[in-house]
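In what follows, a single structure is set out as structure tokens and then discussed.
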Amino acid sequence: MRIVTGSDHGGLTLKAALVARLRAQGHDVEDVGTHDASSCDYPDFAIPVGNAVASGAADFGLLVCGTGQGMAMTANRIPGVRAAVVADTFTARATRQHNDANVLCLGERVVGPGLAGDILDAFLAATFEGGRHTGRIAKFTALEKA
Ligand code: RB5
């Protein structure tokens, strides 16, 4: 899969571990930054990642900051993005199956690298179930056009 990723300084170390994991699994990964530990602003990375997913240039986005929250708040303002903050494997699967989430947001200060890897694997392995969930998503994506 084509996966675009980004982090701020608070997510840099976890992002690096997950990029290595994804590349070892054979995924095509683009990292938009940040690339060093100096303090920076999470929207500067959430926006290009969200745009890549919304445009179809990437299949999924992976955003990491201290909590995942700022990344998700930013990315979800881009029409077509459905970003989910996830801290457990059940939610990782369910947000793909039910919400068709296309951007995974993780908090390096919340989840350890082992659990984060399991969350990422579960997210990518799950598929959207469609059916009753399609209309529910349409109800909130309609807000993007209002
Ligand atoms: C940076 O200190 C921190 O605020 C950021 O990584 C993130 O947690 C914001 O949501």
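Each ligand, and each atom within it, is numbered from 1 in the order the structure gives.
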Inset, instruction - Check for a donor-acceptor pair, side chain of R96 on one end and backbone N or O of A92 on the other, with a separation under 3.5 Å. - result: no
Inset, instruction - Would you check the N or O atoms of Q69, main chain and side chain alike, for any that come under 3.5 Å of an N or O of ligand 1? - result: no
Legend entry - Contact check, side chains of N102 and D100, non-hydrogen atoms, under 4.5 Å: no
Legend entry - Residue and atom name of the nearest protein heavy atom (relative to atom 8 (O) of ligand 1), distance in Å to one decimal: T67 N, 3.0 Å
Inset, instruction - Any atoms of ligand 1 less than 4.0 Å from a non-hydrogen atom of G66? List them with their elements. - result: 5 (C), 6 (O), 7 (C), 8 (O)
Inset, instruction - Please check if V111 and F60 belong to a single hydrophobic cluster, counting links between Ile, Leu, Val, Met, Phe, Trp and Tyr side chain heavy atoms closer than 4.5 Å. - result: yes
Inset, instruction - Check whether any protein heavy atom sits under 4.0 Å from atom 4 (O) of ligand 1. - result: no
Inset, instruction - Quick one: look up the protein heavy atom nearest atom 7 (C) of ligand 1 and list residue, atom name and how far away it is. - result: C65 SG, 3.4 Å
Inset, instruction - Considering heavy atoms of the protein only, find what lies nearest to atom 2 (O) of ligand 1 and give residue, atom and distance to 0.1 Å. - result: R109 NH1, 3.4 Å
Inset, instruction - State whether the side chain of E108 and the backbone N or O of L14 hold a donor-acceptor pair below 3.5 Å, judged by distance alone. - result: yes
Legend entry - Electrostatic pair D28-R23, nearest N-O below 4.0 angstrom: no
Legend entry - Hydrophobic cluster membership, L124 vs V19, 4.5 Å side-chain cutoff: yes
Legend entry - Element-labelled atoms of ligand 1 that are located less than 4.0 Å from some non-hydrogen atom of H9: 1 (C), 2 (O)
Inset, instruction - Enumerate the atoms of ligand 1 whose separation from the nearest heavy atom of D8 is less than 4.0 angstrom. - result: 1 (C), 5 (C), 6 (O)
Inset, instruction - Answer yes or no: does atom CZ of R2 have more than 12 heavy-atom neighbours from other residues, nucleotides or ligands under 6.0 Å? - result: yes
Legend entry - Under 3.5 Å: N/O of G70 near N/O of ligand 1: yes
